[in-house]
Amino acid sequence: MKKKLVGVECLNEYICQSSNKLYADGSIILSPGAKDELAKRGVTIVYGPCPDAAQGCPPGCTCPACMAAQACPHGCTCAECTATMDKDLERLFYAVAAMLKTEYGITDHEQLKKISCQVVKTLKANI
């Protein structure tokens with residue numbers, strides 16, 4: 001199983017704001033700086049799985065397990081999911097263009113646009 005290194009810059013994604021706890025369930029590794037920041041904020045690190053909402057998380061919990069339980073199913077077309085996907089695709093478009101420019105030396109605006117659009121369309125069709 002691949003583990004994700006969690007640093008100070010993305011700690012808020014993993015902290016349950018309602019209980020002020022971070023659940024380290026084996027899928028993440030906390031950097032020393034992240035541990036220091038958690039101690040500074042008074043956040044409790046719980047080594048083990050996050051309890052299901054029915055098993056102990058308070059209402060309004062924002063831990064990853066509770067957020068996943070509240071998430072829309074894959075392929076949802078609600079306004080919020082569509083807006084999020086559009087933003088993600090736009091960021092992907094600009095990231096591809098930047099990579100083409102820096103890694104491959106492509107500077108022609110139309111060529112960058114054409115290739116970036118094709119990459120995004122291909123990925124969107126196959127995800």
Side-chain angles (χ1 to χ4, degrees):
M1 178 167 93
K2 187 175 179 182
K3 297 183 180 191
K4 178 170 171 65
L5 178 63
V6 177
V8 176
E9 64 282 349
C10 61
L11 272 179
N12 290 336
E13 296 174 35
Y14 296 90
I15 298 171
C16 173
Q17 302 301 320
S18 299
S19 65
N20 205 34
K21 293 180 182 176
L22 181 141
Y23 292 92
D25 62 358
S27 66
I28 64 171
I29 299 172
L30 295 170
S31 72
K35 289 179 183 179
D36 291 344
E37 182 64 24
L38 290 169
K40 193 184 314 180
R41 294 186 197 181
V43 175
T44 303
I45 302 171
V46 178
Y47 292 96
C50 178
D52 292 334
Q55 294 180 341
C57 283
C61 177
T62 57
C63 68
C66 289
M67 294 305 287
Q70 297 170 12
C72 291
H74 179 71
C76 177
T77 58
C78 73
E80 186 177 338
C81 289
T82 303
T84 300
M85 181 185 272
D86 289 345
K87 287 178 190 173
D88 289 345
L89 290 174
E90 183 179 3
R91 284 198 320 255
L92 177 62
F93 174 86
Y94 286 114
V96 168
M99 180 201 64
L100 290 170
K101 193 172 184 178
T102 59
E103 298 293 322
Y104 296 97
I106 299 172
T107 56
D108 179 59
H109 180 72
E110 288 303 314
Q111 191 177 14
L112 285 170
K113 183 177 175 181
K114 181 180 174 184
I115 295 170
S116 297
C117 283
Q118 186 60 45
V119 169
V120 169
K121 283 180 189 176
T122 303
L123 289 172
K124 186 177 179 183
N126 290 293
I127 292 179

**Asked** When you look at Val6 and Leu11, which way does the side-chain contact (heavy atoms from CB on, under 4.5 Å) test go after all the steps?
**Response** CA-CA 7 Å; Val6 177; Leu11 272 179; 4.0 Å; yes
**Message:** Run the side-chain contact (heavy atoms from CB on, under 4.5 Å) test on Asp36 and Val8 for me, step by step, so that the C-alpha distance in whole Å, both residues' side-chain angles and the decisive distance to 0.1 Å come before the verdict.
**Reply:** CA-CA 9 Å; Asp36 291 344; Val8 176; over 6 Å; no
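Residues meeting the salt bridge (charged side-chain N to carboxylate O under 4.0 Å, His left out) test with Lys40, sequence neighbours left out: Glu37. Partners of Asp108 by side-chain hydrogen bond (donor to acceptor under 3.5 Å, both in side chains), not counting sequence neighbours: none found. For Asp88, the salt bridge (charged side-chain N to carboxylate O under 4.0 Å, His left out) test picks out Arg91, with sequence neighbours left out.
Nearest heavy-atom pair across Ser31 and Gly7 is OG-CA, 3.6 Å. Across all non-hydrogen atoms, the minimal contact from Asn20 to Gly42 is ND2-O, 3.0 Å.
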Distance-only donor-acceptor hits, side chain of residues 114-126, under 3.5 Å, sequence neighbours excluded:
unit_1 : atom_1 : unit_2 : atom_2 : d
Ser116 : OG     : Ala97  : N      : 3.4
Ser116 : OG     : Leu112 : O      : 2.8
Gln118 : NE2    : Thr122 : OG1    : 3.3
Thr122 : OG1    : Gln118 : O      : 2.8
Asn126 : ND2    : Thr122 : O      : 2.7

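With rounding to the nearest 0.5 Å, the separation of CG in Asp25 from OH in Tyr14 is 9.5 Å. To the nearest 0.5 Å, the span separating CG on Leu100 from OG1 on Thr107 amounts to 11.5 Å. Note that CD of Gln111 is 13.0 Å distant from NZ of Lys101, once rounded to the nearest 0.5 Å. The line from NZ of Lys21 to CG of Leu38 is 14.0 Å long, rounded to the nearest 0.5 Å. Rounding to the nearest 0.5 angstrom, the gap separating the CG atom in Leu92 from the CD atom in Glu90 is 11.0 Å.
Looking at heavy atoms from C-beta onward, Leu22 lies in side-chain contact with Leu30 at the 4.5 angstrom threshold.
Under a 4.5 Å side-chain heavy-atom cut-off, the cluster of Ile, Leu, Val, Met, Phe, Trp and Tyr residues that includes Leu5 is completed by Ile29.
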